[in-house]
Amino acid sequence: QVQVVESGGGLVQPGGSLRLSCAVSGSISRIYGMGWYRQGSGKQRELVAVNTSLRSTVYADSVKGRFTISRDNAKNTVYLQMNNLKPEDTAVYYCQANLRPEGNIRLQDYWGQGTQVTVSS
């Protein structure tokens with residue numbers, strides 16, 4: 001069993017900051033990529049930031065310069081520091097981990113349940 005649990009969402013005013021955390025636990029052989037996606041109301045889920053298996057990072061153009069993804073491999077945790085938040089950042093944020101479960105040779109994607117971020121005055 002693999003669990004992906006996000007935390008840190010909430011309500012913030014425009015220009016404010018939030019830090020999301022995502023911890024991956026369970027029967028894991030190795031974690032490769034980890035990242036964040038979001039889905040606004042009536043919109044498709046979109047990539048926000050990802051830390052790839054080669055340890056490079058990719059950001060959506062809309063968050064470059066404002067959001068920073070970081071990772072603690074010892075804790076199997078990925079973070080998303082979000083600064084200068086805008087109303088259009090309002091969405092449910094999902095953590096995704098690409099990993100190989102114990103006893104399995106295939107890589108699989110696991111998703112968290114999502115955490116709501118609302119940017120409003």
Side-chain angles (χ1 to χ4, degrees):
Q1 295 283 359
V2 175
Q3 296 82 39
V4 179
V5 180
E6 304 106 333
S7 61
L11 173 64
V12 64
Q13 292 186 342
S17 298
L18 281 175
R19 188 192 194 209
L20 306 183
S21 300
C22 171
V24 182
S25 61
S27 302
I28 301 166
S29 179
R30 183 177 174 182
I31 299 175
Y32 293 82
M34 298 182 77
W36 292 93
Y37 291 73
R38 68 186 181 188
Q39 187 166 15
S41 180
K43 298 181 180 180
Q44 290 188 333
R45 189 174 297 189
E46 62 177 0
L47 180 146
V48 176
V50 63
N51 180 277
T52 73
S53 59
L54 298 177
R55 300 298 184 260
S56 64
T57 55
V58 177
Y59 292 95
D61 287 343
S62 59
V63 307
K64 284 180 181 177
R66 300 187 298 123
F67 291 10
T68 303
I69 188 171
S70 60
R71 184 168 165 176
D72 185 336
N73 290 322
K75 297 180 179 180
N76 288 344
T77 299
V78 65
Y79 305 94
L80 185 68
Q81 178 65 43
M82 304 184 293
N83 297 329
N84 191 21
L85 282 160
K86 303 176 180 181
E88 52 263 42
D89 294 317
T90 296
V92 178
Y93 284 70
Y94 296 91
C95 176
Q96 179 254 358
N98 181 247
L99 59 88
R100 182 156 50 89
E102 282 185 357
N104 196 319
I105 63 173
R106 293 178 57 189
L107 294 180
Q108 298 180 30
D109 286 338
Y110 287 82
W111 294 85
Q113 79 288 351
T115 185
Q116 177 70 45
V117 172
T118 302
V119 185
S120 176
S121 55

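Hydrogens, waters and symmetry mates play no part in the numbers below; they use all other heavy atoms, side chains included.
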Quick one, Glu46 and Arg38 - any side-chain contact, counting heavy atoms below 4.5 Å?
yes
Could you go through the side chain to side chain contact (heavy atoms under 4.5 Å, CB included) check for Asn104 and Ser29 one step at a time?
CA-CA 8 Å; Asn104 196 319; Ser29 179; over 6 Å; no
Is there a side-chain contact between Cys22 and Tyr79 (heavy atoms, below 4.5 Å)?
no
Whether Arg66 side chain and Asn84 backbone form a donor-acceptor pair below 3.5 Å
yes
Give me the one residue out of Thr52, Ile31, Asp109 that meets side chain to side chain contact (heavy atoms under 4.5 Å, CB included) with Asn98.
Asp109
Write down the atom of Arg71, the atom of Asn51, and the distance for their closest heavy-atom approach.
NH1-OD1, 2.8 Å
Any chain of hydrophobic side-chain contacts (each under 4.5 Å) joining Tyr37 to Val78?
no
Which distance, rounded to the nearest 0.5 Å, do you find between the OG of Ser120 and the CG of Leu85?
12.0 Å
Applying a strict under-4.5 Å side-chain criterion to I, L, V, M, F, W and Y, I'd like to know whether Leu18 and Leu80 cluster together.
yes
Flag yes if more than 12 heavy atoms outside Gln1 fall under 6.0 Å of its CD atom; otherwise flag no.
no
I'd like to know if the side chain of Glu6 reaches the main chain of Gln113, judged simply by a donor and an acceptor atom lying under 3.5 Å from each other, with no hydrogens or angles considered.
yes
Within the 4.5 Å heavy-atom criterion, are Arg45 and Tyr94 side-chain neighbours or not?
yes
Nearest heavy-atom neighbours spanning Pro14 and Ser121
CD-N, 3.7 Å
Can you find a pair of side-chain heavy atoms, one from Pro101 and one from Leu99, that are under 4.5 Å apart?
yes
Looking only at heavy atoms, what is the nearest atom pair of Val2 and Ser27, with distance?
CG2-O, 4.0 Å
Looking only at non-hydrogen atoms, find the nearest pair between Gln44 and Gln39 and report the distance.
C-CG, 4.1 Å
Contact between Met82 and Trp36 at the side-chain level, heavy atoms closer than 4.5 Å - yes or no?
no
Joint cluster assignment, Val92 & Val119, ILVMFWY side-chain distance < 4.5 Å
no
Can Gln108 and Tyr110 be counted as having a side-chain donor-acceptor contact under 3.5 angstrom?
yes
ILVMFWY network linking Val48 to Val4, side-chain heavy atoms under 4.5 angstrom:
yes
Any side-chain heavy-atom pair from Ser17 and Val12 closer than 4.5 angstrom?
no
Hey, are the side chains of Gln116 and Thr90 touching, using non-hydrogen atoms and a 4.5 Å cut-off?
yes
Calculate, to the nearest 0.5 Å, the distance between atoms CG and CZ belonging to Asn76 and Arg30 respectively.
12.0 Å
Phe67: which of Leu20, Asn83, Asp89 passes side chain to side chain contact (heavy atoms under 4.5 Å, CB included)
Asp89
Hey, what do you get for CE (Met34) to CD (Gln96), rounding to the nearest 0.5 Å?
9.0 Å
